Every structure is written in structure tokens, then in C-alpha cells.
> 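The structure is given below, and queries will be raised subsequently.
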Amino acid sequence: MMRITLDQAEALARAALVASGAGAEMAAATARALAAAEAAGQAGHGLSRVPQYAAFLKNGRADGAATPRIVNERGGAVLVDARHGLAYPALAMAESEAAWRARAHGVAFAGVTNSHHSGAMGLPVARLARQGLVALAFTNSPAAMPVPGGRRPLMGTNPVAAAFPRRDASPLVIDMALSEVARGKIMVAAKEGRPIPEGWALDAEGRPTTDANAALSGAMLAMGGTKGALLAMVVELLCCALTGAAFGFEADSFFQDEGNRPRLGQALMVVDPGALAGSDAFAARIEAFVAAMAAEDGVRLPGSRRDALAARAAADGIEIPDALHARLTALATA
């Protein structure tokens, strides 16, 4: 393992993306997001994504020259077109638009269309919460899960994130995909030749399976069964029907370098607490709930572990595998 500072991580990712065809602003926004995810312990959405994004840029699955733009707006609602680029510049624009529109109108909805893989969705909602706003974020992804009663993948694992500001403390941040388990765990089991628990996945014929390899050829199952699948459907419709983006079954897998431009959708819903019960009442209610949680042994506030890791990374840097560092360096100097 190699230890580097967050600034070094960001600079390395940015250089690799620029060398692979990303414009300066796209590379900078993407590198910031990946370094922040790495710092927060979300390595699956961190620097390991750079080689994948580089391949997408080189193969035309992402347009490195794209600049996001607002294509429709009315009051608290705005639609940002990512124009087939990497998602992060469009998400940054949506985040900024949602913040001022929520303050102006009490509530805002910022949609993103023609987008791409969007990484750790807990990051933008946490930033909004630090501004005193309640924020929810949703994204769809290439098909991995069936609808209730179905057998073939139609929906992505469709992460949901939410953040609630606190008085003089870090916000509560909830960030989760809606599959029963991360696909990466099935990939590890397949590599090691281990079975997986029943209830994680279906095989290609739509049958429950404990064979990890069969699961990778089939479909993931939603957490909580039908209820989780219906929640994933809500995310799919919010992110796509309202924005005009592609559904998960219309986007090629991110686990292959070649494929179509995914045209995915994201959505940010932001509320100014002052427009409802008021900021003071909101803060008091949040702290009452936090106090009730803290009174029970073993309860951890959502987002606290990521905050602690990010603080440690800011002070001490992060460790990444030597092979990944070498790969990023090779991309940056190609």
C-alpha cells in the first residue's frame, strides 16, 4: 500500500482523466468527488473508478468535451443536461441550483439527464446539509435487479441518500444502494469459489441461486424483497420519467469498457426547514431524535464513521494499493 495526501490523490486522478480525454473542468470535478469518496472510506466510488472512467472516455461511452447546461426551469424546478459527459460537473451544477432555489422557494427539485455513473451520492447531500438544508439524492444505474415478480434485470441498484443538518454538529447522512448486498461481494465470492447466501441473487433463468458465478449472469435481489424492489422502482421513475433519462435496462453495464452512452438520471430534492416549522423548531426536533438514539448503547449516528475517516484522511492522507497507484500514474503520463 502507498500513502498519499488527498491533494496528491486529487491531482493524480485529475491528470489521468485529462490524459484520457476529459476537459479540465470535468476532470477537476470528477477528481474532487473521487478523492472525497476515498477519504470517507468509500473506495468503491473512489480512485479505483479512474481507470474505468478513462476507458469510457477513450471508447466514447463518455464525452470528455461535454459541458452541462440548464435545459428547462420553472421556479424551484430545474433540469440539467449532462450532455453525455461524466456526471460530476452536472451534479455540481444541480447541487448549486437546488440550494438557491430551495432558499428562494422553500423546496427545489434538480434533475440531471443524459448522465453517467455518479459515485457516492451521500457527498452532495452532506454538502447541502452543511448549508442548513435537508437534501435527498437519487440515481438510477444499469439494470441489475428485477421488478417485483420479474426475473430479468430492469432496474439498477438505485442508491438513495439523504442528509439532515444539525445544530453545531455534522449532519446525519444516510447513503445506501437498494440491492440486498453490494455486487462487489458477489464478485469476491465468485473469485474465491465460495457460495453466496440465498436471497442475494437469481441466476440467468430467474431462479434463486447460491452460486456466485450464476448470480453474476443473473440478477441482484432488492433488499427487503418486494418492498425494496418497489422503492427501487420509485427511484427509477423519479430519475428517468421526470428527466427524460434512460431507464436501467436501456443502459449497458458499467462492468464492460465498451457499450452505449448510458444516459442515466439523477435527482436532488432540497428543502429549506425555514419554510416549514422553522429552522429553530427543525433543529430542536433533530436534536431530540439524536438524543434518543444516543441514549441506547451501540447506536451509531448515520454518517459519523465517514466523517471520522474523512477527518483522519485530511490529516494523515490515504492508503491506496501500489498497483492502483501505478495504473493511475501510467494513465496520467500516457
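All residue numbers in this chain count up from 1 along the given sequence. Bear in mind that the values here come from a model prediction, so they are computed numbers and not experimental data.
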> Evaluate H117 against L264 for side-chain contact (heavy atoms from CB on, under 4.5 Å), listing each step before the verdict.
CA-CA 8 Å; H117 180 268; L264 298 176; 5.7 Å; no

> Less than 4.5 Å apart, side chain to side chain, heavy atoms only: is that true for V50 and T30?
no

> Can you find a pair of side-chain heavy atoms, one from I318 and one from I4, that are under 4.5 Å apart?
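Of all side-chain heavy-atom pairs linking I4 with I318, at least one is under 4.5 Å.
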
> With side chains defined as the heavy atoms from C-beta onward, is the minimum distance between L154 and M233 less than 4.5 Å?
no

> Show the nearest heavy-atom pair for residues L328 and A16, with the distance to one decimal.
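What the structure gives for the nearest pair is O-CB, 3.9 Å.
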
> Measuring from R32:CZ to E10:CD, what's the distance to the nearest 0.5 Å?
6.5 Å

> Any side-chain heavy atom of F254 sitting closer than 4.5 Å to one from Q52?
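In short, these two side chains touch, coming nearer than 4.5 Å.
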
> Mind checking whether V134 and P273 have side chains closer than 4.5 Å, heavy atoms only?
yes

> Under the side-chain contact (heavy atoms from CB on, under 4.5 Å) criterion, do T113 and V80 qualify, and how do the steps go?
CA-CA 6 Å; T113 191; V80 176; over 6 Å; no

> So with a 6.0 Å cut-off around CZ of F289, is the heavy-atom count from everything else above 12?
no

> Please determine whether salt bridge (charged side-chain N to carboxylate O under 4.0 Å, His left out) holds for the pair E287 and R166, giving the CA-CA distance in whole Å, both sets of side-chain angles, and the decisive distance to 0.1 Å.
CA-CA 7 Å; E287 293 312 312; R166 293 184 61 200; 2.9 Å; yes

> Measuring centre to centre across the rings, with the benzene-like ring taken for any Trp, is F164 within less than 6.0 Å of F282?
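So the answer is no for these two rings.
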
> Has R3 got more than 12 heavy atoms of other residues, nucleotides or ligands less than 6.0 Å from its CZ?
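Correct, the count exceeds 12.
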
> Side-chain donor-acceptor pair under 3.5 Å between D81 and N114, yes or no?
yes

> Taking D203 for the side chain and T209 for the main chain, is one N or O donor matched with an acceptor at less than 3.5 Å?
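Pair absent, no side-chain N/O of D203 close to backbone of T209.
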
> Any side-chain donor-acceptor pair under 3.5 Å between S115 and Q266?
yes

> Does any non-hydrogen side-chain atom of S20 lie less than 4.5 Å from one of K58?
yes

> Is the shortest side-chain N to carboxylate O distance from R130 to D307 below 4.0 Å?
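Answer for the salt bridge query: yes.
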
> D280 versus R285: any side-chain heavy-atom pair under 4.5 Å?
no

> Would R101 and E73 pass as an ion pair if we require N to O under 4.0 Å?
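Yes, charged N to carboxylate O under 4.0 Å.
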
> Within the structure provided, determine whether F247 and L237 are in side-chain contact (heavy-atom separation under 4.5 Å).
yes

> Which residue, L136, V78, V270, L242, forms the side-chain contact (heavy atoms from CB on, under 4.5 Å) with F109?
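When side-chain contact (heavy atoms from CB on, under 4.5 Å) is applied between F109 and each of L136, V78, V270, L242, only L242 qualifies.
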
> Within a reach of under 6.0 Å around CD of E319, are more than 12 heavy atoms found that belong to other residues, nucleotides or ligands?
yes

> What heavy-atom pair brings A43 and S48 nearest, and what distance separates the two atoms?
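Here A43 and S48 meet closest at O-OG, 3.1 Å.
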
> Under 4.0 Å between a side-chain nitrogen and a carboxylate oxygen: does that hold for R207 and E205?
no

> Give the ring-plane orientation class for Y53 versus H116, where under 30° counts as parallel, over 60° as perpendicular and anything between as tilted.
perpendicular

